[in-house]
Student: 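Shown below is the structure under consideration.
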Amino acid sequence: MRRSWGAAVERAQDRLAAGPRLRAAGPGEERRFALWDLASLVEGELGEQVEPDGLAPQAERGWRERLGESGREWPGGELYRRRYWIQDDAGAVVGTVAVDNWTKGPSQLAVSSLYVTPAVRGHGLAAAALDEVYAAATAEGLPGFRLEAHWSWQSAVRYYLRRGLWVVGWKRSLSFARMPQLPLHRVREEDGRLFLLVADRLRGWVPILAAGQEGRWLRLDETADYRGCDGWVHEYARSTLALYLALAGRPLVRGPQWWAEAWRWSDAGEPEGLAYRIEEFERAARTAGRRMAGPYRPVPLPDLAPPPSPQLADSGDG
């Protein structure tokens, strides 16, 4: 089975290399690609924009020092993934994307290094690159793709939700996926509540979950459509709505008893698990000297801090 998936990934990579919008990074372009990766990190973690092709060695060292461990350059990255340049209609390089040479999660392509320069944003180039990755994956029988984004990368996180990606976990960062089994989704606010809706071919947009606020707590209601929906949707709907709530500054905790059990969902699942992880993400960012300006404000529970999660063996899937 592993050999079969490996062959499918290789064929999907060949499809990407032959596509109209992407160009495989060739020999001798490793350094340039690394600088574009650095520009993405600087913007995501430090909130500053740099011109990657104009970075002098001294400036590069300065940015990497400020980024710390995340700014470390990893030589030989081409051994585990293929890197592609995103091109505009004239063939000029305007962005990057990379795809691992092996699958992640339920045999999905693993996407990283998605970045387009600020000057060309809003023209659908990143979306087109993701569409090409998805088309290549599904053409070879792979169930879509998965990518990661840090909670602090607010613009990227919001972008992935707008693109209809589902939240499938938050183990070390936020994990997003696009799969044939998962329909498009959106949220609607009505009477102070957020509704998660999914696209249905016959009925249009169908609400499956509703989230409101009761005092300082979250109220989460299921619809009959949620209880009868496909297993994949059922599994990831709560995680996806939880992230929408966090970005809207809404409560994620349904009460003290839920918060006491939050560590149980510290990889994925219930909204309290995301609240638990956000606190960890923001604490780590502050320790590293990053300024956090996220919209989510945890419910103050001074006497009911969740217990530390047990030390489980790492499955390697994250």
Side-chain angles (χ1 to χ4, degrees), residues 1-2 5-6 8-9 12-13 15-16 44 80-82 84 97-115 126-151 153-187 196-200 206 208-209 226 229-247 265-271 273-274 277-278 281 314-318:
M1 180 61 73
R2 288 184 180 178
W5 287 132
V9 171
Q13 297 275 27
R15 285 180 179 271
L16 291 173
Y80 69 87
R81 63 177 187 164
R82 289 201 205 176
Y84 301 93
V97 67
V99 178
D100 283 7
N101 290 326
W102 50 78
T103 58
K104 193 170 187 179
S107 301
Q108 298 162 312
L109 291 182
V111 177
S112 60
S113 295
L114 182 64
Y115 173 78
L130 289 179
D131 287 345
E132 286 197 32
V133 173
Y134 182 74
T138 54
E140 298 300 336
L142 299 168
F145 65 79
R146 181 179 293 214
L147 56 80
E148 311 291 321
H150 294 291
W151 161 251
W153 295 28
Q154 294 283 302
S155 60
V157 169
R158 295 174 188 274
Y159 174 76
Y160 295 139
L161 286 178
R162 290 198 305 272
R163 292 297 308 161
L165 274 61
W166 288 72
V167 180
V168 297
W170 40 68
K171 186 174 184 178
R172 297 184 183 89
S173 58
L174 301 174
S175 298
F176 295 86
R178 181 179 175 185
M179 303 171 63
Q181 303 93 325
L182 295 171
L184 292 175
H185 62 77
R186 63 170 55 165
V187 292
L196 180 70
L197 303 94
V198 295
D200 183 271
V206 179
I208 59 172
L209 290 174
Y226 173 77
C229 67
D230 175 85
W232 291 97
V233 174
H234 199 276
E235 181 173 0
Y236 297 132
R238 290 173 179 265
S239 297
T240 302
L241 180 57
L243 185 55
Y244 275 113
L245 290 168
L247 292 171
W265 308 287
S266 58
D267 287 355
E270 299 291 346
L274 178 57
R277 269 293 185 245
I278 287 175
F281 292 154
D314 189 351
S315 67
D317 178 29

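Predicted, not measured: the structure shown is a model, and the values here were computed from it.
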Student: Does anything in residues 230-246 form a salt bridge (charged side-chain N to carboxylate O under 4.0 Å, His left out)? List the pairs, not counting sequence neighbours.
Tutor: Glu222-Arg238, Arg238-Glu270
Student: Which atom pair, heavy atoms only, marks the closest approach of Leu147 to Val111?
Tutor: CB-O, 3.5 Å
Student: Looking at residues at least two apart in the chain, or sitting in another chain, which of them share a ring pair (Phe, Tyr, Trp, His ring centres under 6.0 Å) with Phe281?
Tutor: none
Student: Quick one: pull up CG in Leu209 and SG in Cys229 and give me the separation to the nearest 0.5 Å.
Tutor: 8.0 Å
Student: Measuring only between side-chain heavy atoms, which start at C-beta, is Val187 closer than 4.5 Å to Leu197?
Tutor: no
Student: Among residues at least two apart in sequence or on other chains, which ones pass side chain to side chain contact (heavy atoms under 4.5 Å, CB included) with Ala136?
Tutor: Ala12, Arg15, Leu16
Student: Using side chain to side chain donor-acceptor pair (under 3.5 Å) as the criterion, list what pairs up with Ser112, not counting sequence neighbours.
Tutor: Arg81
Student: With Glu132, which residues qualify under salt bridge (charged side-chain N to carboxylate O under 4.0 Å, His left out), at least two apart?
Tutor: none
Student: For residues Leu161 and Leu247, determine if any side-chain heavy atom of one lies less than 4.5 Å from a side-chain heavy atom of the other.
Tutor: yes
Student: If we ignore hydrogens and angles and just use 3.5 Å, is the side chain of Thr240 paired with the main-chain N or O of Tyr236 as donor and acceptor?
Tutor: yes
Student: With sequence neighbours excluded, what pairs up with His185 under the ring pair (Phe, Tyr, Trp, His ring centres under 6.0 Å) test?
Tutor: Trp166, Tyr244
Student: Can you name the residues that form a salt bridge (charged side-chain N to carboxylate O under 4.0 Å, His left out) with Arg163, not counting sequence neighbours?
Tutor: Asp131
Student: Got Lys104 and Ser175 here, is their nearest side-chain heavy-atom distance under 4.5 Å?
Tutor: no
Student: Output all residues satisfying salt bridge (charged side-chain N to carboxylate O under 4.0 Å, His left out) with Asp100, sequence neighbours left out; order by chain, then residue number.
Tutor: none
Student: Do Trp232 and Pro106 come close enough that some side-chain heavy atom pair is under 4.5 Å?
Tutor: yes
Student: For Trp265, what residues pass the ring pair (Phe, Tyr, Trp, His ring centres under 6.0 Å) criterion, not counting sequence neighbours?
Tutor: Trp258
Student: CZ/Arg146 to CG/Leu165 distance, rounded to the nearest 0.5 angstrom?
Tutor: 11.0 Å
Student: Any side-chain heavy-atom pair from Leu142 and Gln108 closer than 4.5 angstrom?
Tutor: no
Student: Please name the pair of heavy atoms, one in Ser107 and one in Pro143, separated by the smallest distance, quoted to 0.1 Å.
Tutor: O-CD, 3.0 Å
Student: Can you tell me how far CD1 of Ile278 sits from CH2 of Trp170, rounded to the nearest 0.5 angstrom?
Tutor: 8.5 Å
Student: Name the orientation class of the two ring planes belonging to Tyr134 and Phe145 (parallel below 30°, tilted from 30 to 60°, perpendicular beyond 60°).
Tutor: perpendicular
Student: Do the side chain of Ser239 and the main chain of Gly269 share a donor and acceptor less than 3.5 angstrom apart?
Tutor: yes
Student: Name all residues meeting the side chain to side chain contact (heavy atoms under 4.5 Å, CB included) criterion together with Ala199; count only those two or more places apart in sequence or in a different chain, and write none if there are none.
Tutor: Leu184, Trp205
Student: So do Leu274 and Leu245 actually touch side chain to side chain, heavy atoms under 4.5 Å?
Tutor: no
Student: Locate the shortest heavy-atom distance separating Val157 from Ala149; write the atom from each residue and the value.
Tutor: CG2-CB, 4.2 Å
Student: Between Arg277 (side chain) and Asp267 (backbone), is there a donor-acceptor pair under 3.5 Å?
Tutor: no
Student: Sequence neighbours excluded, which residues qualify as ring pair (Phe, Tyr, Trp, His ring centres under 6.0 Å) partners of Tyr160?
Tutor: Phe176
Student: So which heavy atom on Gly169 is nearest to which on Ala268, and how close?
Tutor: CA-CB, 3.7 Å
Student: List in chain and number order the residues that pass side chain to side chain contact (heavy atoms under 4.5 Å, CB included) with Ser173, two or more places apart in sequence or in another chain; answer none if no residue qualifies.
Tutor: Glu148, His150
